[in-house]
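A quick note: this is a predicted structure, and the numbers were derived from the prediction, not measured. Both ligands and their constituent atoms are indexed starting at 1 by order of listing. Residues take their numbers from the sequence shown, with the count starting at 1.
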Amino acid sequence: MDVVVSTAKGITIKLRHFEKPDIRRVMEIEDESFLDGDAALYLELYEEWPGGFLVAENEGKVIGFVVLVLTPEGDGRVFAIAVDSRYRGVGVGKVLLKAAFNTLRKRKIGFVRLEVRVSNHVAHRLYRSMGFMEFGFIPFYYKDGEGAIMMRKVM
Ligand SMILES: CC(C)(COP(=O)(O)OP(=O)(O)OC[C@H]1O[C@@H](n2cnc3c(N)ncnc32)[C@H](O)[C@@H]1OP(=O)(O)O)[C@@H](O)C(=O)NCCC(=O)NCCS
């Protein structure tokens, strides 16, 4: 699926499927983003649906990723999305989400959903700007007791 795109702020990135050697960079980005995942879980999700795990590369280096999973109802779910902190705010997150939507549309999936921490205003704003709407709240969803806003988008 290798695609080269420019973000709204002029950064050139290559979008491609995750490959196992990318796990080291994915974990570096995930660790600095405090997402609570672990390498074994990411590799398991990759094995379950290799096409649902996308990375963004800049000058040969992975600078962001998005992981999709399928819910038991057959909807898509954004399991995780993160961008290297040095490359945030230049449109990489939006490009990753758009690529994720294309992946879901190709599989004729009707809805995509996700959970976002109440305090994560940046991610919340990103999701709103990409057409997600709030539809629920789960108290104490995260390990540290913070609640999650549930968001959903029609594909
Ligand atoms: C959330 C995250 C993926 C966004 O990625 P990004 O590449 O920085 O986002 P973009 O540059 O594509 O910006 C997209 C939108 O997000 C919002 N946004 C981005 N940075 C922002 C900031 N510093 N303050 C407020 N809103 C911001 C804006 O709405 C922006 O759209 P605009 O530029 O048209 O205004 C990134 O901040 C990140 O990795 N955060 C840590 C991990 C995380 O919280 N993941 C989400 C939970 S799973």
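Close approach of ligand 1 to A82 is summarised as follows: ligand atoms under 4.0 Å from at least one heavy atom of the residue are 39 (O). Each of the following atoms of ligand 1 lies closer than 4.0 Å to a heavy atom of G91: 10 (P), 11 (O), 12 (O). Numbered from 1 in the order shown, with element, the atoms of ligand 1 that lie under 4.0 Å from a heavy atom of V92 read 7 (O), 12 (O). Remark: ligand 1 atoms within the under-4.0 Å shell around heavy atoms of S33 are 41 (C), 42 (C). Against a heavy-atom cut-off of under 4.0 Å, K94 is close to the following atoms of ligand 1: 12 (O), 14 (C), 31 (O), 32 (P), 34 (O).
Among residues two or more places apart in sequence or in another chain, the ring pair (Phe, Tyr, Trp, His ring centres under 6.0 Å) test is passed with Y46 by F18.
Selection from S129, A80, S119, G93 by nearest heavy atom to atom 7 (O) of ligand 1 gives G93. Nearest-heavy-atom check against atom 26 (N) of ligand 1 across R128, R125, M130 picks out R125. Nearest residue to atom 37 (O) of ligand 1 from R117, K9, R88 is R88 (criterion: closest heavy atom).
Taking the six-membered ring for Trp and thresholds of 30 and 60 degrees, F53 and F65 have ring planes inclined between 30 and 60 degrees apart.
The closest approach between a heavy atom of V90 and any atom of ligand 1 is below 4.0 Å. Close to ligand 1: Y127, with a non-hydrogen atom less than 4.0 angstrom away.
Given atom 22 (C) of ligand 1, the protein heavy atom at minimum distance is V122 CG2, 3.6 Å.
For the side-chain contact (heavy atoms from CB on, under 4.5 Å) with H17, the qualifying choice from L54, D2, D22 is L54, the only one to do so.
The side-chain heavy atoms of V112 and F132, taken from C-beta on, include a pair separated by under 4.5 Å. Counting only heavy atoms from C-beta outward, the side chains of Y141 and M150 never approach each other to under 4.5 Å. Side chains of V62 and R16 form a contact here, defined as non-hydrogen atoms less than 4.5 Å apart.
An N or O contact shorter than 3.5 Å links N120 to ligand 1 by distance.
With F101 as the aromatic partner, K153 meets the cation-pi criteria of under 6.0 angstrom to the ring centre and within 45 degrees of the ring axis. Geometrically, R113 does not engage F135 in a cation-pi contact, judged by NZ or CZ lying under 6.0 Å from the ring centre and within 45° of the ring axis.
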